[in-house]
Amino acid sequence: MDKKIGLREAISIGIGGMVGGGIFAVLGLAVSLAKGGTPLAFLIAGLIALLTSYSYIKLSIAYPDRGGTVKFINQGFGKTIFSGAINNLLWLSYIIMLALYASAFGSYAPNLFPISPNASLNFHIFASFIILLATAINYYSIKVVGAIESYAVIIKLFILVSFIIIGTYGLFGNSNLEQLALSNWETPIHLLAGGMVIFVAYEGFELIANAAPDIENPKRNIPKAYLGSVIFVIALYIIIAIVTVGSLPFTDIAKAEDYVLAEAAKPLLGKIGFSIITIAALISTFSAINASIYGGSRVSYEIAEDDELPHELTGSFWNQPIGLIITSVATLIVTNILPLKSISTAGSIGFLLIFAIVNLVCYKKRSQIGASKFIPLAGSLGCLAALITLIAQQFSTNKTGIIVALGIILSCFIMEWLFKNYKKDSSSA
C-alpha cells in the first residue's frame, strides 16, 4: 500500500509550491510598482489566495483526484469547450510560471558565475541551461526530482528565515526605514496592481489538490494544509518586503530589480550575504523548475485523458508523458522571448482567471459539498476585480504582457473549439 501523506508533508507541498522561485523573481517588480506599500501589496494578493484556498479545501475534500484543478473545473462545467479551454490555460500558465522561475535563475546566476561580459547573453545561457538540466533530471528519474524538492524546501526556508531575522535586526537605526511611511506608498490602484502582478508568487498552494487523494485523515488535514501553508507564506512575504524596503534605497532596488533579495542582504552581511541569498535563489528556482516541469506534463496528460486535448498527449516519450518535452520546449521559447515583467503579468492574469473559475465551481456546487455561499462568491469576485484592475493598470506600461496574456486565453478557446469540432466531425464520418 502507498504511504499516505501526513499533515506536515501536505503543508510542505503548499509552502514548497509557493516559495519556489516566485519571491526571488517578483520582489523587485513589486517594489517598483508599490514602493513603500509593497508589504500591503503582498497582503492584498495573499488575501485573495486565502479566499481561494477555501474553495480548494471544499473541492479537494469532495472530489479528491490527482488531476486537481483540472478535475474541479470539469466537475463544475462538464467536458465542454469552456472547461477544456480553461484547463488548457492552466497548462500554459504552468509554462509561464516555469519561464518566470528560469528568468529568475538567469538573473541571479551571473552575479556568482559570469560567463561573458554581456549581461543579456549571460541571462539567456543560464535561463536556458537550467530548463534543459531540469528536463534531463525529469527524464532520468522522478525519484530524484522528489528528493531535490524535499531538501530544497528546507534549505530555502532556512535561508529566508535567517535573512528575516538578521535583516530585522539591521532595520534598527536604518534611515531607509522611512521609505515604509505612508507618504511613500503608491496610489491604491497601483498597490492593487502591484499585488496582482506578483500574484504568481502565491499560486503554488493549488498543488495540494493534486495530492488530496493521498492525504491521511483528509477532512481534518486538508483544511489545515491549505490554510497553514497560505497564512505562513503571507506572513513570510510581508516580512521579507518590510526588510527589503527598509534596508535599501529605492534607487538601489530599481538597479537590482531582478535580484533585489540578494542586494538587500548586502548592507548587513556584505558580499557573503549577497552570495548566500543568491545561492538560495538558485536552489529555489531550480527546485521549482524541476517540480513544475513534471507538474506541467501531468496537467497535459490529465487534460488529454479527459478528451480536452488530442489523445496522443497521453502517450510517452522516453518513458515519460510526452507533455514533458512539449512543456520544456515551450518554456525555453517563452523565457528567451519575453521580459520578466511581461512573464509575471501573463502568469498572474492566467491564474487569477483560473482561480475565479474554481471559486465559481465551489459556489455552484456549494449545496453538494457543504460550502459557504459567501466565501467562494467573494473569492470569485475578488479574483475578477483584481484581474480587471491588473489589465487596466498594466495596459499603458506593460502592453506586451497584457497582449500575450489575452492572446493566450483567446487561443485556448479557439484551439479547444477547433479540437472539439474536429472530434465531432471525425466521429460522425
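Hydrogens, waters and symmetry mates are skipped; everything else that's a heavy atom, side chains included, is used.
Atoms CD1 and CD1, from Ile293 and Ile130 in turn, are 9.5 Å apart once rounded to the nearest 0.5 Å. Interatomic distance, CD1 of Ile189 versus CG of Leu33, reported as 12.0 Å (0.5 Å rounding). Atoms CD1 and CG, on Ile73 and Leu360 in that order, are 10.5 Å from each other to the nearest 0.5 Å. Note that CD1 of Ile283 is 10.0 Å distant from CZ of Phe105, once rounded to the nearest 0.5 Å. The OH atom of Tyr226 lies 14.5 Å from the CD1 atom of Ile231; values are rounded to the nearest 0.5 Å. For the atom pair Leu353 CG and Leu90 CG, the distance stands at 11.0 Å (nearest 0.5 Å).
Scanning both residues, Tyr101 and Ile289, for their nearest heavy atoms gives CB-CG1, 3.5 Å. Scanning all heavy atoms of the two residues, the minimum distance from Trp91 to Gly323 falls at CZ2-O, 4.3 Å. Considering every non-hydrogen atom in both Ala356 and Cys383, the closest pair reads CB-CB, 3.6 Å. Contact detail for Ala265 and Ile277: the closest heavy-atom pair is CB-CG1, 3.6 Å. Of all heavy-atom pairs spanning Val197 and Ser348, the tightest one is O-OG, 2.8 Å. Taking all atoms of both residues into account, the shortest heavy-atom contact from Asp65 to Gly67 is OD1-N, 2.6 Å.
Residues Asn398 and Thr345 have side chains that bring a donor and an acceptor to within less than 3.5 angstrom of each other. A donor atom on one side chain and an acceptor atom on the other are not found under 3.5 Å apart for Glu308 and Asn88. Under the 3.5 Å distance criterion, with hydrogens and angles disregarded, no donor-acceptor pair is assigned to the side chains of Ser275 and Thr278. Looking at Thr331 and Tyr94, their side chains never bring a donor and an acceptor atom within 3.5 Å of each other.
Side chain of Thr38 to backbone of Lys35: a donor-acceptor contact under 3.5 angstrom is found. In terms of modelled atom types and a separation under 3.5 Å, the side chain of Glu9 and the main chain of Gly6 share a donor-acceptor contact. Not one N or O on the side chain of Thr285 forms a donor-acceptor pair closer than 3.5 Å with the backbone of Ala102. Between the side chain of Asn221 and the main chain of Ile215, no donor-acceptor pair closer than 3.5 Å is present. The backbone N or O of Leu98 sits nowhere less than 3.5 Å from a side-chain atom of Ser292 that would complete a donor-acceptor pair. Of the possible polar contacts, one joining the Ser103 side chain to the Ala99 backbone as a donor-acceptor pair under 3.5 Å is found. Under a 3.5 Å cut-off, the side chain of Ser247 and the backbone N or O of Val243 do form a donor-acceptor pair. A donor-acceptor pair under 3.5 Å is absent between the side-chain atoms of Asn290 and the main chain of Phe286, judged by distance alone. Judged by distance alone, the side chain of Thr168 and the main-chain N or O of Ile164 form a donor-acceptor pair under 3.5 Å. Between the Ser53 side chain and the Leu50 main chain, a donor and an acceptor come within less than 3.5 Å of each other.
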Self-check item: side chain to side chain contact (heavy atoms under 4.5 Å, CB included) assessment of Leu227 paired with Lys224
Solution: CA-CA 5 Å; Leu227 297 175; Lys224 287 184 176 179; over 6 Å; no

Quiz item: Are Asn359 and Ser55 close enough, and set up right, to give a side chain to side chain donor-acceptor pair (under 3.5 Å), and what steps lead you there?
Solution: CA-CA 6 Å; Asn359 280 310; Ser55 294; 2.6 Å; yes

Practice problem: Could you go through the side chain to side chain contact (heavy atoms under 4.5 Å, CB included) check for Thr80 and Asn74 one step at a time? | Solution: CA-CA 8 Å; Thr80 59; Asn74 287 343; over 6 Å; no

Quiz prompt | Full working for side chain to side chain contact (heavy atoms under 4.5 Å, CB included) between Ser32 and Phe250 | solution = CA-CA 8 Å; Ser32 72; Phe250 286 134; over 6 Å; no

Quiz prompt | Step-by-step side chain to side chain donor-acceptor pair (under 3.5 Å) determination, Thr52 to Tyr202 | solution = CA-CA 11 Å; Thr52 304; Tyr202 284 107; over 6 Å; no

Self-check item: Test log, rule side chain to side chain contact (heavy atoms under 4.5 Å, CB included), inputs Val19 and Leu160
Solution: CA-CA 10 Å; Val19 190; Leu160 284 173; 3.5 Å; yes

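Taking the centre and axis of the six-membered ring of Phe77, the NZ or CZ atom of Lys364 falls inside the cone set by 45° and 6.0 Å.
Side chains of Leu29 and Glu257 form a contact here, defined as non-hydrogen atoms less than 4.5 Å apart. Within the 4.5 Å cutoff, no side-chain heavy atoms of Tyr108 are placed close to those of Asp258. The side-chain heavy atoms of Ile349 and Phe199, taken from C-beta on, include no pair separated by under 4.5 Å. The side-chain heavy atoms of Ile5 and Ile13, taken from C-beta on, include a pair separated by under 4.5 Å. Put simply, the side chain of Phe82 reaches to within 4.5 Å of the side chain of Ile357, judged on heavy atoms. At a threshold of 4.5 Å between non-hydrogen side-chain atoms, the residues Ile208 and Ser229 count as touching. No side-chain heavy atom of Val358 sits under 4.5 Å from any side-chain heavy atom of Phe351. Annotation: side chain of Val26 is in contact with side chain of Leu100 (closest heavy-atom distance under 4.5 Å).
A salt bridge links Asp306 and Lys79; the closest N-O separation between the charged side-chain nitrogens and carboxylate oxygens is under 4.0 Å. A salt bridge links Asp214 with Arg66: at least one charged nitrogen is closer than 4.0 Å to a carboxylate oxygen.
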Show me the side-chain donor-acceptor pairs of residues 298-305 shorter than 3.5 Å, one per line, residues at least two apart or across chains.
residue : atom : partner : partner atom : Å
Ser300  : OG   : Ser297  : O            : 2.8

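With Met196 as the partner, the side chain to side chain contact (heavy atoms under 4.5 Å, CB included) test is satisfied by one option alone out of Thr389, Ile44, Leu387, Leu191: Ile44.
Ring pair Phe274/Tyr259 is perpendicular by interplanar angle, where above 60° counts as perpendicular and below 30° as parallel.
Here Phe355 and Tyr56 bring their ring centres to under 6.0 angstrom of each other.
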